Every structure is written in structure tokens, then in C-alpha cells.
Amino acid sequence: EWQGAKPTERPPRVLRMQRARGHTGSNLSSKDKVQPPGRSPEWPGSNWSWGELGCIFVLSLALQYNTLKAEFTFDDARGVVANQDLLPETPWTDLFTHDFWGSPMSNFDSHKSYRPLTVLTFRWNALAAGITPFTFHLTSIVLHALVCCLFHVMSAKVLPTFTTRSLASLVFLVHPIHAEAVANIVGRAEVLCALFFIMAILVYWPTLAQPRHSGGRIAAALVLALAAMLAKEQGLMVLPVLAVVDVARTFIMHWHDTRVAWGLADLFFPSRIGLRTSLDKEDAANLATILGSLRARVLLLASGAVALLGARLAMLHGAQPIFNPTELPATFSDTTLTRMLTLSYLPLFNMLLLVFPTRLSIDWSHGSIPLVESSADIRFTLTLLFYCSLGAIMWIILRPLLLLGPPSSSKSKQDYKSRQQVQQLSQRDSSVTVSSDSVFDSPAAVWWRFAIGVSLVILTFLPGSNLFFYVGYVVAERTLYLPSLGYALLFATAFHACRQKCPKSLRPVLYVLVMVYIAVLAGKTVTRNEQWASNYSIHEADSASNELNAKLQANFGLLNYERAKASTSLHEKAEYEEKAMLFFQRALAVDPHNPAAALDYGNLLVDKGDLRGAVAMYARGLETRDRSRVILRLLGNLATAEFRLGMNAEAEAHFKSIIEIDAHFASAHTGLGALYGNLGRVQDSYRHFLTAIELQPNVAEGYFNLGTLLVQQDRLDEAEELFNKALTLHPGHAGALNNLEVVHYNRKQKRRNS
């Protein structure tokens with residue numbers, strides 16, 4: 001309700017006017033009708049200062065500072081280090097026809113993730129200072145700081161006081177769910193998308209609830225929505241968010257004007273249009289202008305969303321991305337009930353990550369989240385409660401739009417009329433005092449903030465939810481970067497409501513709880529950033545906290561295996577090998593046929609001289625459902641180990657199996673060439689070695705193998721040419737250097753004998 005000043009102060013003119021009128025509800029002037037079109041004043045509290053933005057920018061940089069020393073980690077190896085689109089010789093236009101990882105979008109095995117603007121920023125970093133981690137990390141933390149500043153500006157337009165908007169900004173700034181998006185370079189897609197996302201909202205903001213829309217601002221918002229989508233696919237959801245915010249804002253601008261509220265319902269339910277007949281011509285014209293402008297804006301946003309979505313779908317080239325069943329167990333579950341229950345549980349899991357980010361992980365696939373297989377699972381009950389709560393929330397948001405009808409008492413009419421007169425008077429005379437609490441604590445304002453927060457959380461989460469179409473992950477923390485905008489607004493809104501409702505004696509307790517929550521989030525962010533310092537440290541941390549993830553266990557085992565191979569100390573080498581074997585075994589305990597663990601464990605056994613153990617391990621890995629290229633590597637290593645054990649028939653069969661799957665797999669042709677050469681089948685050996693060279697003309701090994709075969713056939717000149725080619729590609733190739741000496745020695749011997 002509108003409130004007066006404090007008892008110790010002089011009553012404002014509004015109250016004197018209200019007392020004079022007596023709220024009788026009679027003799028209302030013509031100003032009490034539906035207001036003609038005009039620009040609505042900004043709500044109090046929508047101001048911000050450059051000092052506030054400066055503090056937020058510095059705080060964000062300080063919190064993320066420890067990421068500057070980090071290496072390229074996890075997906076950065078593929079998305080940055082090995083991405084050919086970052087090289088100067090790659091044409092710029094390729095960025096707009098390739099996926100995020102540098103493969104043509106038209107390829108059958110393309111990931112189909114289209115984010116050219118993000119890759120463009122990677123390329124700028126590479127051109128400026130080469131592919132070095134520091135400049136990439138510096139760019140990412142600066143972009144994140146800018147997002148924090150823009151979010152503060154947006155919060156100032158939504159939240160009522162300096163305290164609440166600062167709280168929302170702090171929650172977003174310190175939230176550890178952002179660690180992956182900021183510390184992992186490929187996570188920049190989320191940060192850049194959020195930057196354009198918020199810019200689109202701010203550009204569109206002045207058109208909210210206006211009787212006349214600005215075509216320029218709407219066009220600018222559409223362009224920024226396109227930029228957000230080209231940074232990350234989630235960016236497209238800014239247009240539905242804008243539509244929800246606009247409808248909600250238009251509704252609450254006339255919360256107590258029953259006739260306009262019914263007219264807003266008419267926007268969606270034409271059958272109610274007859275209610276307008278009770279309005280006079282002037283009111284009807286004003287109402288038509290207000291709703292017509294809103295309808296036009298919503299249609300423009302919807303048309304833009306459809307156009308952008310159509311363009312994005314066209315980039316798929318008629319093919320869906322190929323997903324790995326072992327990485328998405330719920331998606332590929334054989335049981336429909338299990339699939340439905342598990343996928344329905346995942347939104348709750350993501351929400352818990354936002355509210356209580358106590359256990360974070362770089363990967364939530366490979367059994368990290370056990371399947372929900374029946375209603376007896378406690379997670380089914382929690383999921384049911386979650387969706388019931390979500391349904392109640394949606395009902396609260398939609399109920400006014402669906403059910404608002406004429407007031408049943410004259411008090412409601414009088415309440416609306418007096419509010420309208422106060423607003424008119426405050427616009428004409430700035431000396432009139434209007435309590436900001438009355439505006440921001442009204443049901444309309446609370447409902448509006450609630451609608452914005454919920455729409456930001458839900459709409460930005462839907463593209464990656466697996467509920468409508470499958471994506472390449474179960475849960476990905478970096479995809480919660482945009483939903484965390486809505487969570488921060490909802491947290492601040494809830495804090496403001498609790499502060500208004502709770503007794504003054506309990507408010508210090510509320511403040512302490514909030515400060516402790518902020519401190520815990522900040523501490524978790526600093527710790528998480530430290531864990532992102534290297535591939536080894538992040539896998540060490542997450543393999544310990546996410547023991548059900550076979551992929552993380554296998555990856556950490558591989559990292560220890562690589563350290564063992566690089567170590568010059570026998571003691572240290574033995575320690576790393578023992579640790580690698582331990583984590584390979586852990587991976588296989590979780591997933592007995594995990595192909596990556598079986599492959600790397602088999603390789604370790606080969607290095608230790610246990611060829612039969614390696615053969616058994618490779619065969620174990622082949623029993624998986626995985627149909628990725630790791631299967632080809634398993635077959636190749638198995639065939640090579642069998643060849644070394646003298647199991648020629650088995651080795652030949654496995655090499656041929658690889659070629660049947662992929663005729664362009666060069667190492668299979670190399671293996672067959674070596675096998676046939678050993679069996680004396682020279683022509684077959686020559687043919688496969690030559691095929692391997694054709695498939696990989698820039699690999700020295702192919703020239704070395706064919707040259708070795710020709711030496712055995714006493715074709716020394718041809719062999720010498722091949723060895724020289726191998727040395728050109730790999731100057732330190734020991735085998736080529738050795739065999740070149742053999743060629744020279746044999747040539748001398750032939751001369752002597754002749």
C-alpha cells in the first residue's frame with residue numbers, strides 16, 4: 001500500500017490530498033480513466049553509479065586473479081591448442097563454416113556446436129601473443145568482469161534498493177559455478193554469450209510497457225541476440241526472456257486498472273474481447289494502443305526467434321551430432337521409465353548445484369549420476385516435490401494473467417484510483433513524496449521481479465536440459481552461467497522479502513547468514529580456480545570427489561602414466577606407474593569395459609613387458625557399447641600386441657576389422673604392411689605401406705616402413721630416397737638414420753663384390 005512519511009516528519013502533500021478526498025470513490029475526475037499513451041517513468045532505485053561498477057569490476061578481477069597462472073586444461077587441448085582455425089594460415093571465412101572445435105559443420109562426425117564469435121576471440125588472442133595460456137585467461141577474466149558490471153546495471157533496474165542489487169551482483173560475482181566458464185578457456189563461450197545477452201536486455205529495456213515501440217531498439221536487441229547465439233547457442237533464449245519481461249511489465253503497470261488487465265488477457269484469449277464494450281471510446285482507444293504495441297513487440301521478438309532458430313538448424317546440414325552411449329547413460333538407457341525418471345531428475349540436480357555448489361566436477365557423465373530406475377528411489381520423490389513446487393511457482397506467475405477479473409468491492413476501485421492520482425501528482429510535482437517501499441513492496445513489483453528471475457533460470461536452462469532434444473552432456477556446470485543470472489535475482493528478491501517480514505530483532509541473524517553464504521561461495525571459487533591450474537590438479541581433485549566417473553579415473557590414470565614415461569628417476573617412475581595402475585583399476589571397477597581405461601592400462605602393460613596381459617586388457621575394452629574412435633585404437637593396439645606374440649592370424653583379422661570400419665585408418669595399413677612383410681608377402685606389404693603414405697603423406701613413419709621393406713628387397717636407391725624423406729619430416733628419426741647407414745653399407749658391399 002502507499003504509505004505516508006514517518007510520524008516525526010511533515011506529512012507529504014499526497015496524504016493531505018487523500019485526506020481531503022476521503023476515498024469516497026465518488027465524483028472521480030476524467031483523469032481516473034485509462035491513461036492515454038505516454039512514456040512511463042522509471043521506477044525508483046533504477047540508478048547506478050560508475051563507482052559501483054568500478055568496485056564490482058575490481059572485485060571480479062581479484063577473485064579470478066589466480067586463474068592467470070593456469071595452463072590449458074581439459075577441453076582446451078581440442079578447442080584451443082589443436083584448433084586449426086586459430087592458425088594464421090587458416091582463412092577467416094572458415095570460422096563461419098566450422099564448428100567450435102575446428103571441424104567443418106558438414107562433416108558427419110562434427111560436434112555441430114556453432115560458435116564462431118567465440119572462436120574469433122580465440123584467434124585474436126592467438127594472433128596477439130601466440131597460443132599461450134596467459135593472454136587467453138586474461139581475456140576471459142576481463143570479459144567475466146564486464147558481465148558482472150552489466151548484470152549490476154540490470155539488477156538496478158529490477159531490484160528496489162542499493163542493498164538488494166549489490167547482493168544480487170555479489171552472489172553472481174562470487175558463485176563457484178562460474179569457475180569452469182572462466183578458468184577453462186573453452187568456457188568463454190558462456191561468458192561472451194552472457195555479455196551479449198545482458199546487453200540485449202538493457203538495449204530493449206526502455207521499450208518495456210510502452211504504448212509506442214522503438215523499432216531501432218528492437219532491431220538492436222535482435223542483432224545482440226544473434227551475437228549471443230553465435231557465441232553460444234543458449235543466447236537465442238534472450239528473445240523469449242524479453243517477451244516474458246515485456247508482458248509482465250505491461251501487466252504490472254496497470255495492476256489495479258481492472259479494465260486494462262482484462263485487456264491484457266484479451267491479448268492471449270480473444271474470446272474475452274467482449275469485455276471491452278464497457279469502456280468508453282477514449283478508454284478503448286488508449287487500451288488498444290497499449291495492447292497493440294505490446295502485441296507488435298512480442299510478434300517481432302517471436303519472428304526474430306524463429307528466424308534465428310531456423311538459421312541455426314540450417315547449420316546442422318540435415319544431420320544430428322553423434323553422441324557416445326557410455327557418456328550419456330540416461331539418454332541411451334534401454335528402459336523408457338529409467339530414461340524418463342533420470343532426465344526428469346537432472347533439472348533438480350542442476351538447481352542444487354546453483355543453490356549448494358559444494359561438489360563440483362568437470363565431467364558428470366559415465367555414471368557420475370546413477371540412473372533413477374524406479375519410484376522407490378528417494379530421488380524420484382525429491383523430483384516430484386521439485387516439479388510440484390515449480391508448478392506452484394508457475395501458477396503464481398500466470399494466475400494474474402489468466403484469472404484477474406473486475407474487483408468485487410468498491411475498496412479495490414478506490415485503492416486503484418487513489419494510487420493513480422498519486423502517480424499523476426508525483427509526475428507533475430517533484431516535491432511530492434512517494435515512499436519507495438510502497439512501490440517495490442507492492443504485490444505487482446514483487447510478482448514482476450519473481451517473473452524475471454524465474455524466466456531467466458528456466459528459459460536459459462531449457463536448451464541444455466535434454467528434455468526436448470539431446471545434447472552431448474548429462475550435466476555441464478558452465479551451462480549454468482546464464483541461469484545463475486536469474487538465481488542471483490531470485491536470491492536478492494527473497495532476501496528483501498525476508499528482511500521486510502522478519503522482526504527487527506532477527507534481522508542481524510539474516511544478515512549474518514547471508515554474509516556467511518557469500519563468504520563460503522567466494523572461498524569455494526578461489527579453491528576451485530586453484531584446482532583448475534593444470535590438467536593434473538583438476539583431475540586429481542575431481543577423481544577424488546567424483547569416484548563414480550570412470551572417465552575421470554581413467555584420465556587421471558593416463559596423466560600419471562604420462563608422468564611416469566617422462567620421469568628420469570626410477571623411483572619416481574615406479575610411483576607414477578603404480579598410481580596410474582590404481583586409477584585404471586578404479587575406472588574398470590566402476591565400468592568394467594571402459595574403453596579408455598582398458599586402452600591406456602593395456603599400453604602400460606606393454607611398456608612393462610606384459611604382452612599377454614595387454615592383449616587381455618584390450619579385448620576387455622572391446623566389449624563396451626562405445627562406438628567412438630577409441631575402438632579403432634583398441635583394435636590396432638590389440639593386433640600389434642598379437643603380432644609381437646606371433647599370433648599372426650588373430651592380428652591379421654583385427655587389422656582387417658579396422659579397415660572395414662574405416663578404410664582411411666592409416667595405422668591399420670601400416671600394421672598389415674609389417675605383418676605381411678614378416679610373412680614374406682612382399683606385394684601385399686608394399687601395397688599397404690604405400691596406402692599408409694597416401695593417407696598420411698606428412699608422417700615420417702610411413703616412409704621409414706616402406707624404405708625398410710625395400711632394403712630387404714635390395715632396392716637401395718628407392719629406400720635411400722624414402723629414408724631421406726622421413727628425415728626431412730622428422731630430422732631426428734633414429735630408425736631412418738640407422739637404416740640409411742645400412743643402405744650405404746650394403747651399397748659399398750655390392751661395389752666390392754662386383
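Note that the structure is predicted; figures quoted are calculated from it, not measured.
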Any chance [atom1] of [X] has more than 12 other-residue heavy atoms, nucleotides or ligands included, within less than 6.0 Å?
{"X": "Glu578", "atom1": "CD", "answer": "no"}
{"X": "Glu721", "atom1": "CD", "answer": "no"}
{"X": "Arg747", "atom1": "CZ", "answer": "yes"}
{"X": "Phe96", "atom1": "CZ", "answer": "yes"}
{"X": "His664", "atom1": "NE2", "answer": "no"}
{"X": "Gln683", "atom1": "CD", "answer": "no"}

Nearest-0.5 Å distance that lies between atom [atom1] in [X] and atom [atom2] in [Y]:
{"X": "Arg644", "Y": "Arg612", "atom1": "CZ", "atom2": "CZ", "value": "12.5 Å"}
{"X": "Glu190", "Y": "Glu180", "atom1": "CD", "atom2": "CD", "value": "8.0 Å"}
{"X": "Met617", "Y": "Leu634", "atom1": "CE", "atom2": "CG", "value": "11.0 Å"}
{"X": "Leu192", "Y": "Arg115", "atom1": "CG", "atom2": "CZ", "value": "11.5 Å"}
{"X": "Ser567", "Y": "Glu572", "atom1": "OG", "atom2": "CD", "value": "3.5 Å"}
{"X": "Asp600", "Y": "Glu562", "atom1": "CG", "atom2": "CD", "value": "8.0 Å"}

How close do [X] and [Y] get, counting heavy atoms only, and between which atoms?
{"X": "Ser368", "Y": "Asn549", "answer": "OG-ND2, 2.8 Å"}
{"X": "Ala726", "Y": "Ala736", "answer": "CB-CB, 4.2 Å"}
{"X": "Leu360", "Y": "Pro176", "answer": "CD1-O, 3.7 Å"}
{"X": "Ser657", "Y": "Leu635", "answer": "CB-CD1, 4.5 Å"}
{"X": "Asn529", "Y": "Ala183", "answer": "OD1-CB, 4.1 Å"}

Backbone of [Y] reached by a side-chain donor or acceptor of [X] within 3.5 Å:
{"X": "Asp76", "Y": "Ile185", "result": "yes"}
{"X": "Asn535", "Y": "Thr73", "result": "no"}
{"X": "Glu233", "Y": "Tyr114", "result": "yes"}
{"X": "Tyr481", "Y": "Cys193", "result": "no"}
{"X": "Thr479", "Y": "Val475", "result": "no"}
{"X": "Asn678", "Y": "Ala674", "result": "no"}
{"X": "Thr640", "Y": "Gly636", "result": "yes"}
{"X": "Asp542", "Y": "Asp363", "result": "no"}
{"X": "His654", "Y": "Glu650", "result": "yes"}

No-hydrogen, no-angle side-chain donor-acceptor test under 3.5 Å, His571 and Glu575: yes

Between Trp364 and Glu477, is a side-chain hydrogen bond (donor to acceptor under 3.5 Å, both in side chains) present by the stated rule, with each step listed? CA-CA 9 Å; Trp364 288 100; Glu477 290 165 14; 3.1 Å; yes

Are [X] and [Y] ion-paired here, with the side-chain N under 4.0 Å from a carboxylate O?
{"X": "Lys565", "Y": "Glu577", "answer": "no"}
{"X": "Lys656", "Y": "Glu660", "answer": "no"}
{"X": "Asp591", "Y": "Lys551", "answer": "no"}
{"X": "Arg478", "Y": "Asp75", "answer": "yes"}

Taking the six-membered ring for Trp and the single ring otherwise, decide whether the centroids of Phe643 and Phe655 are under 6.0 Å apart.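 When the ring centroids of Phe643 and Phe655 are compared, they turn out to be at least 6.0 Å apart.
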
Evaluate the criterion side chain to side chain contact (heavy atoms under 4.5 Å, CB included) for residue pair Val119 and Phe100; output intermediate values, then yes/no. CA-CA 7 Å; Val119 179; Phe100 188 51; 3.7 Å; yes

Audit row: Asp714, Asn746, side-chain hydrogen bond (donor to acceptor under 3.5 Å, both in side chains) steps and yes/no: CA-CA 9 Å; Asp714 202 29; Asn746 288 350; 5.5 Å; no

Evaluate the side chain to side chain contact (heavy atoms under 4.5 Å, CB included) criterion for residues Arg687 and Leu690: first the C-alpha distance (whole Å), next the side-chain angles of each, then the deciding distance (0.1 Å), finally the verdict. CA-CA 5 Å; Arg687 176 168 52 85; Leu690 196 60; 5.9 Å; no

Does Ser543 have any side-chain contact (heavy atoms from CB on, under 4.5 Å) partners at least two apart in sequence or in another chain, and if so, which? Gln553, Phe556, Phe583

Distance-only donor-acceptor hits, side chain of residues 121-134, under 3.5 Å, sequence neighbours excluded:
residue	atom	partner	partner atom	Å
Thr121	OG1	Thr118	O	2.6
Thr121	OG1	Arg188	NH1	3.0
Arg123	NH1	Asp85	O	3.1
Arg123	NH1	Thr90	O	2.7
Arg123	NH2	Leu87	O	3.4
Arg123	NH2	Pro88	O	3.3
Arg123	NH2	Thr90	O	2.6
Asn125	OD1	Arg188	NH1	2.8
Asn125	OD1	Arg188	NH2	2.9
Asn125	ND2	Thr139	OG1	2.8
Thr132	OG1	Ala129	O	3.3

For residues 670-706, the ring pair (Phe, Tyr, Trp, His ring centres under 6.0 Å) pairs (sequence neighbours left out) are His669-His688, Tyr676-His688, Phe704-His733

